[in-house]
Amino acid sequence: MAGEPKPEQGPEPKPVTAEQTVVEEELLRKVVESFAGTPDPRLKQIMTSLVHHLHAFARDVRLTEEEWNAGIAFLTAVGNITDDRRQEFILLSDVLGLSMQTININNEKVGDATEATVFGPFFLEDAPLIDIGGDIAGGAPGEPCWIEGSVTDLAGAPVPGARIEVWEADEDGFYDVQYSDGRLAGRAHLFADDAGRYSFWGITPTPYPIPDDGPVGAMLAATGRSPIRCAHLHFMVTAPRMRPLITHIFVEGDERLEIGDSVFGVKDSLIKRFESQPAGTATPDGRAAEGTWSRSRFDIVLAPAPGGAA
Ligand code: BEZ
Ligand code: FE
């Protein structure tokens, strides 16, 4: 049976005496007890579990005071670089897989519903509205890419009018918000038609690094990990009485898929074929294409909202 992976064993620790174990367990008992009067039962459960796991971690690795100080300095740096444009704590959660695990916990698989993945920091509320077949690139450099698909419920019935938000990095690996010139590019929203169909022009996704010039990037470097995200295009799909879906599509054949995604966002069901089209190939909507372009299909299946809520 597949069980929980065992943590890596480091150098053999000094054996802990029975007397020392009593000291450590007595402290844990006192800390847990200090939360006994928490009026909110959920907060009490979370704090008690957190304390148990934190103490277990410190005792498991026999944390030194120097290491504890390094940890505090790291978290201080994460706080110091965080502002209203940069959220290093979410980035930390992302690279530790905590964001993805929270998504897994809260988006259990229901039938053939499209799977969810990480939100990321680059969504904007006020992306432009485009018509079906419109272009989200807004001048962002990259190879044109035609995306089409449908939005249906679990029974295959169309979800007309579903709101589809899409956003992506340009071919240089940057989102518009990462430029300082105020550009709005590589993002838009549109609505599925009466048959639940949608289509738009975007740009063929390419791999790019998460912001790695801060403490999280330093941690990735120190642990030999790559900051690169597999090539992807973000979607957020909402409709009345449906569970909101935040997801991506990934590019079949992207060699980064072999290496792994820095924030663990890849799910096999989200890897889609992007068919390369040689220069001169007629486009689906008759638009002139000077060079190569690509096309992909993403059929989105929404789960019902829990409890049938709007
Ligand atoms: C992104 O895909 O945009 C992203 C996700 C997590 C961390 C950084 C970037
Ligand atoms: Fe992204």
Side-chain angles (χ1 to χ4, degrees), residues 77-79 81-107 114-127 136-138 140-143 145 147 164-179 183-189 200 202-221 223 225-237 244-252 254-257 259-267 269-272 274 296 298:
V78 170
I81 202 172
T82 295
D83 60 20
D84 51 4
R85 291 178 65 89
R86 170 106 182 219
Q87 232 304 353
E88 195 80 354
F89 280 107
I90 295 184
L91 206 56
L92 178 57
S93 161
D94 292 342
V95 301
L96 293 179
L98 180 60
S99 309
M100 200 57 224
Q101 195 66 289
T102 307
I103 290 161
N104 286 340
I105 292 166
N106 289 281
N107 293 270
T114 302
E115 293 188 278
T117 189
V118 285
F119 192 36
F122 299 123
F123 173 73
L124 284 186
E125 287 290 348
D126 45 7
I136 75 160
E143 180 190 65
C145 175
I147 310 275
I164 305 165
E165 301 269 356
V166 282
W167 66 106
E168 64 175 323
D170 65 22
E171 70 176 359
D172 298 318
F174 295 110
Y175 286 82
D176 51 1
V177 291
Q178 294 178 285
Y179 293 95
R183 73 183 68 177
L184 198 56
R187 65 179 72 244
H189 73 279
F200 61 89
I203 53 182
T204 310
T206 47
Y208 67 87
I210 60 169
D212 64 343
D213 56 344
V216 169
M219 187 270 276
L220 292 179
T223 53
R225 282 183 50 188
S226 164
I228 301 292
R229 290 224 57 205
C230 301
H232 63 274
L233 173 59
H234 293 257
F235 280 77
M236 178 161 70
V237 187
L245 172 69
I246 294 172
T247 195
H248 311 343
I249 50 173
F250 296 91
V251 181
E252 192 179 276
D254 173 10
E255 56 196 34
R256 298 300 310 192
L257 288 168
I259 300 167
D261 183 39
S262 55
V263 302
F264 308 98
V266 178
K267 291 188 167 170
S269 68
L270 300 176
I271 302 173
K272 302 293 170 193
F274 280 68
S296 186
F298 181 34

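None of these values were measured; they are calculated from a predicted model. Each ligand, and each atom within it, is numbered from 1 in the order the structure gives.
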Closest approach of any protein heavy atom to atom 7 (C) of ligand 1, naming residue and atom: D94 OD2, 3.2 Å

Where the Fe ion (ligand 2) is the vertex, angle from Y175 OH to Y208 OH to 10°: 100°

Salt bridge (charged side-chain N to carboxylate O under 4.0 Å, His left out) assessment of D94 paired with R229: CA-CA 11 Å; D94 292 342; R229 290 224 57 205; over 6 Å; no

Residue that, paired with D170, satisfies side chain to side chain donor-acceptor pair (under 3.5 Å) out of Y179, Y175, Y208: Y179

Ligand-side contact atoms (ligand 1) for residue partner G120, heavy atom cut-off under 4.0 Å: 4 (C), 5 (C), 6 (C)

Contacting atoms of ligand 1, where contact means under 4.0 angstrom from a heavy atom of Y175: 2 (O), 3 (O)

Proximity of F119 to ligand 1 by residue part, where a heavy atom lies under 4.0 Å: neither

Side-chain donor/acceptor of R225 to backbone N/O of V95, under 3.5 Å: yes

Residue part near ligand 1, for I90, under 4.0 Å between non-hydrogen atoms: neither

Matching residue for W167 among F235, F123, F200 - test: ring pair (Phe, Tyr, Trp, His ring centres under 6.0 Å): F123

CZ (F119) with more than 12 external heavy atoms under 6.0 Å: yes

Heteroatom proximity flag, H234 to ligand 1, N/O under 3.5 Å: yes

Reported NZ-to-CG distance for the pair K267 and D261, which is rounded to 0.5 angstrom: 12.0 Å

F298 side chain reached by T247 side chain, heavy atoms, under 4.5 Å: yes

Side chain to side chain contact (heavy atoms under 4.5 Å, CB included) partner of T117, the single match among H234, M100, H232: M100

Interfacing atoms of ligand 1 (cut-off 4.0 Å, heavy-atom, I210): 7 (C), 8 (C), 9 (C)

Part of Y208 within contact of ligand 1 (heavy atoms, under 4.0 Å): side chain

N/O donor-acceptor pair under 3.5 Å between T82 side chain and V78 backbone: yes

Identity of the N, O or S atom of H234 lying closest to the Fe ion (ligand 2): NE2

N/O/S from H248 sitting under 2.8 Å away from the Fe ion (ligand 2): no

Per-atom contacts of ligand 1 with L91, taking only distances under 4.0 Å to non-hydrogen atoms: 7 (C), 8 (C)

Numbered atoms and elements of ligand 1 in range of F122, under 4.0 angstrom, heavy atoms: 3 (O), 9 (C)

Nearest neighbour in protein (non-hydrogen) for atom 9 (C) of ligand 1: P121 CD, 3.3 Å

